[in-house]
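Contents: one structure, followed by commentary.
Chain letters run A, B, ... following the sequence lines, proteins first, then strands; residues in each count from 1. Please read all numbers here as calculations on a predicted model, not as lab measurements.
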2 protein chains.
Amino acid sequence: MNFASEASRRPGRGQRTDERIHGAIYAAIINHQLRPATPLQEDALAGAFGVSRTIIRKVLQRLAHEKLVVITPNKGARVARPTTEEGRQVFEARHIIESELVRKVARKRDDRGLDRLRGIVAEERKAQLADDKRRRVQLSGDFHQALAELADNAVLADVVQELVSRTSLIIALYEVPGAVPCSCDEHSEIIDALAAGDEAAAIERMDHHLRHIESQVDLSQSTGGVDFRSLFAQALPD
Amino acid sequence: MNFASEASRRPGRGQRTDERIHGAIYAAIINHQLRPATPLQEDALAGAFGVSRTIIRKVLQRLAHEKLVVITPNKGARVARPTTEEGRQVFEARHIIESELVRKVARKRDDRGLDRLRGIVAEERKAQLADDKRRRVQLSGDFHQALAELADNAVLADVVQELVSRTSLIIALYEVPGAVPCSCDEHSEIIDALAAGDEAAAIERMDHHLRHIESQVDLSQSTGGVDFRSLFAQALPD
DNA sequence: CGGCCGCAATATGTATACAATGTTGTTCAA
DNA sequence: TTGAACAACATTGTATACATATTGCGGCCG
């Protein structure tokens, strides 16, 4: 894609540009259009978006902080390739944090908030029928994000947002072949428990849902620093 | 301070420079040498560290992502001034996350890890005797950071690190006048419970410790947009 | 013929120049 | 005297040029 025309039309109108470019690359990574380990060359991106490398560098830096991109000094940026261990940690963190957030929301009985969640699930169903996988992934993330926001804790909501993004990368890498995309029914069940104010049930269902997502990936492979010595033990002199 | 000589001696030796400058500004903020709302002018910092604004911008961007600095477009960067609401959220997040981390560490019975914690507490005691407040603040953060690392979850350890830094800012802003700096005995008691493998006690003591820190700050003021009208009600003509 | 050394190409790291924006102080007019 | 408009300054935003590091290729030596 080439956005050069729009970008250069209005030369210096603040830092709306950064935001746009960040959003575009972010979405492409979450959507698995840019897969893990894809090189993100500064010049190429600068050309594509019609801006200078300065802007691209800023965006890449931000994505690196969000752990979606890895920058190796003097070698450039690539889409991150989280290890299985990192995957395990991300899921553990999500269990811990999202359980508590669900607890808080269940206690709140915020009907308007729940309606917002229902709206997202409705969109999910539509995307499911339309077989639009990209939109489903997007909306599934939005659901968790929205839930976090309902818990009146923007700090934790930010953390969840980051963890959800990273989950996308983990799925891209380790999804098992016949994986069934996470059914939105589970989201619906969580909402029902929240609406009923049933704290325990809501937590249990969120836990179940997260375990379900985990069951769709295979984190058993050892990616954390391959030990060549033992791997090639029999091929090496003692 | 002026690091121009060292910086320019070896012109382009990788991005060790960024790290150094980030560390320096980070420490200054945590130490309360740079107080909330202090303007961080690019040129001034560039001059002080003997680098160009390019590097400074990168560092400020990173600090902004860590929520220690706020960048307002076209107006520049300042040390962040978290609101009382944000303070509340940070403490809540710490309770949720650090409780679970303590639970995990209690179950692990990792003696070598506990020794590391004891080492930090010993340093804390020394700093307490030497009346070195800066070092005490630093070490207190290190304790929580080290504890998080013992829980075998680098993802959450990163989050805790960020929350601990932000806590420093909150203390700088809202510390009550006669506040007694957090005694390192509480850290010690947590270690003892961990050593005994007493999960419940360890969690209880961490909770107590965090509540103690919270009691040192006054988050009751409403900082979310000061209402001059009511503030100066009696001094204004209706 | 195989392996090592050196050079060239490519990409990133940093500095600087220029453009745009925001702020402040001054001047002029009502 | 007060208000607003304007102009000068200060500061950030962006692009570009140059310095430096890595990588792959080709030639040279053993």
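Listed for the B/His187 side chain is no donor-acceptor partner under 3.5 Å among the backbone atoms of B/His144. Listed for the B/Glu100 side chain is no donor-acceptor partner under 3.5 Å among the backbone atoms of A/Ile96. In terms of modelled atom types and a separation under 3.5 Å, the side chain of A/His22 and the main chain of A/Lys58 share no donor-acceptor contact. A donor-acceptor distance shorter than 3.5 angstrom exists from the side chain of B/Gln89 to the backbone of A/Ala154, with no hydrogens or angles considered.
The nearest whole Å value for the distance from the CD atom in A/Gln41 to the P atom in D/dA21 is 20 Å. What separates CD1 of B/Ile56 from P of D/dT12 is a distance of 11 Å, to the nearest Å. For the pair A/Lys75 NZ and D/dT20 P, the interatomic distance rounds to 21 Å; values are reported in whole Å. Here the C1' atom of nucleotide C/dT14 and the CZ atom of B/Arg53 are 13 Å apart, to the nearest Å. The interatomic distance linking A/Arg57 (CZ) with D/dG13 (P) rounds to 17 Å, in whole Å. The separation between B/Asn74 atom CG and C/dA19 atom P is 16 Å, rounded to whole Å. Atom pair A/Gln61:CD and C/dT12:P shows a separation of 12 Å (rounding to whole Å applied). The CD1 atom of B/Ile71 sits 12 Å away from the P atom of D/dT14 (whole-angstrom rounding).
DNA chain D is contacted by both B/Asp43 and A/Ser52; B/Asp43 maps to the nucleotide lying nearer its 5′ end (nearest heavy atom per residue). Residues B/Ala77 and A/Ile55 both approach DNA chain D. Their nearest nucleotides, taken by heavy-atom distance, put B/Ala77 toward the 5′ side.
Distance from the side chain of A/Glu42 is smallest to C/dT12 among C/dT12, D/dT14, C/dT14.
Residue B/Thr54 places none of its side-chain N or O atoms closer than 4.0 Å to OP1 or OP2 of C/dT14.
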